[in-house]
Enquirer: 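This is the structure I have questions about; it appears just below.
Since the structure is predicted, the reported quantities are computational estimates derived from the model, not experimental observations.
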Amino acid sequence: MSNKDRNSSIEALRNVLGDTYALYVKTHGYHWNVTGPRFKSLHELFMQQYTELWTALDELAERLRALGKFAPGSTEEILSSATIKPDNGVPDAEDMINNLVRGHETLAEVARKGVEAAESDGDVVTADLLTQRAAISEKAAWMLRASL
């Protein structure tokens, strides 16, 4: 794959990386701040999800490096391509769940678009990685919806 052929894959990875980071921060904040009768179960679910998102960040950044690009080095640079926006304040537990459902649905959609972009580059490795990311976000959204 030539450098020119990698451009769509690189942009897709940056988009998924940005939204993954935004959702990681949101999920971790919810883990810290959730309250109510379902505290323990939500606290644990949020921890499972933010831990998985954290691991994904490394995989995505390493794929950028494998394609010959530097990974973003600051929060501002990482979030520059994110479409998932932070909360202002601390929502209640029910709103936290709904916000995370929307976040995972958004991330899955961004990853699916990335799969198409990577496939147009002939980049099956990035397409596979982003397919996995979409599947993981779809499952996370389902698990969150099941707790509503």
Enquirer: Check this for me, if you would: do Glu52 and Arg133 make a salt bridge, where the nitrogen-to-carboxylate-oxygen distance has to be below 4.0 angstrom?
Expert: yes

Enquirer: Do Val110 and Ile84 have side chains that get closer than 4.5 Å, going by heavy atoms?
Expert: no

Enquirer: Answer whether the closest heavy-atom distance between the side chains of Arg6 and Asp123 falls below 4.5 Å.
Expert: no

Enquirer: Between Met96 and Val90, is there a side-chain heavy-atom distance shorter than 4.5 Å?
Expert: yes

Enquirer: Side-chain donor-acceptor pair under 3.5 Å between Asn7 and Glu11, yes or no?
Expert: no

Enquirer: For the residue pair Gln48 and Leu45, establish whether any side-chain heavy-atom pair is separated by less than 4.5 Å.
Expert: yes

Enquirer: Just by modelled atom types, is the Leu144 backbone N or O under 3.5 Å from a matching donor or acceptor in the Ser147 side chain?
Expert: yes

Enquirer: Dump the intermediate steps for salt bridge (charged side-chain N to carboxylate O under 4.0 Å, His left out) on Glu105 and Arg102, then the final yes or no.
Expert: CA-CA 5 Å; Glu105 289 171 343; Arg102 283 191 302 277; over 6 Å; no

Enquirer: Are any side-chain N or O atoms of Ser9 and backbone N or O atoms of Thr126, one a donor and one an acceptor, separated by less than 3.5 Å?
Expert: no

Enquirer: Students often mix this up, so state it plainly: with edges at 30° and 60°, are the rings of Phe46 and Tyr30 parallel, tilted or perpendicular?
Expert: tilted

Enquirer: Answer whether the closest heavy-atom distance between the side chains of Leu67 and Val125 falls below 4.5 Å.
Expert: no

Enquirer: So does Glu116 pair up with Lys113, basic N to acidic O under 4.0 Å?
Expert: no

Enquirer: Between Glu59 and Arg63, does any side-chain N to carboxylate O distance fall below 4.0 Å?
Expert: no

Enquirer: Just by modelled atom types, is the His31 backbone N or O under 3.5 Å from a matching donor or acceptor in the His43 side chain?
Expert: yes

Enquirer: Students often mix this up, so state it plainly: with edges at 30° and 60°, are the rings of His28 and Trp32 parallel, tilted or perpendicular?
Expert: tilted

Enquirer: Run the numbers on Ile10 and Asp121 for side chain to side chain contact (heavy atoms under 4.5 Å, CB included), then give the verdict.
Expert: CA-CA 10 Å; Ile10 290 165; Asp121 284 351; over 6 Å; no

Enquirer: Does any non-hydrogen side-chain atom of Leu23 lie less than 4.5 Å from one of Gln49?
Expert: no

Enquirer: Please evaluate residues Leu60 and Leu130 with respect to the criterion side chain to side chain contact (heavy atoms under 4.5 Å, CB included), reporting the C-alpha separation (whole Å), side-chain torsions for both, the decisive distance (0.1 Å), and the verdict.
Expert: CA-CA 9 Å; Leu60 294 162; Leu130 297 181; 3.9 Å; yes

Enquirer: Can any side-chain N or O of Asp19 pair as donor or acceptor with the backbone N or O of Leu107 at less than 3.5 Å?
Expert: no

Enquirer: I'd like to know if the side chain of Asp58 reaches the main chain of Trp54, judged simply by a donor and an acceptor atom lying under 3.5 Å from each other, with no hydrogens or angles considered.
Expert: no

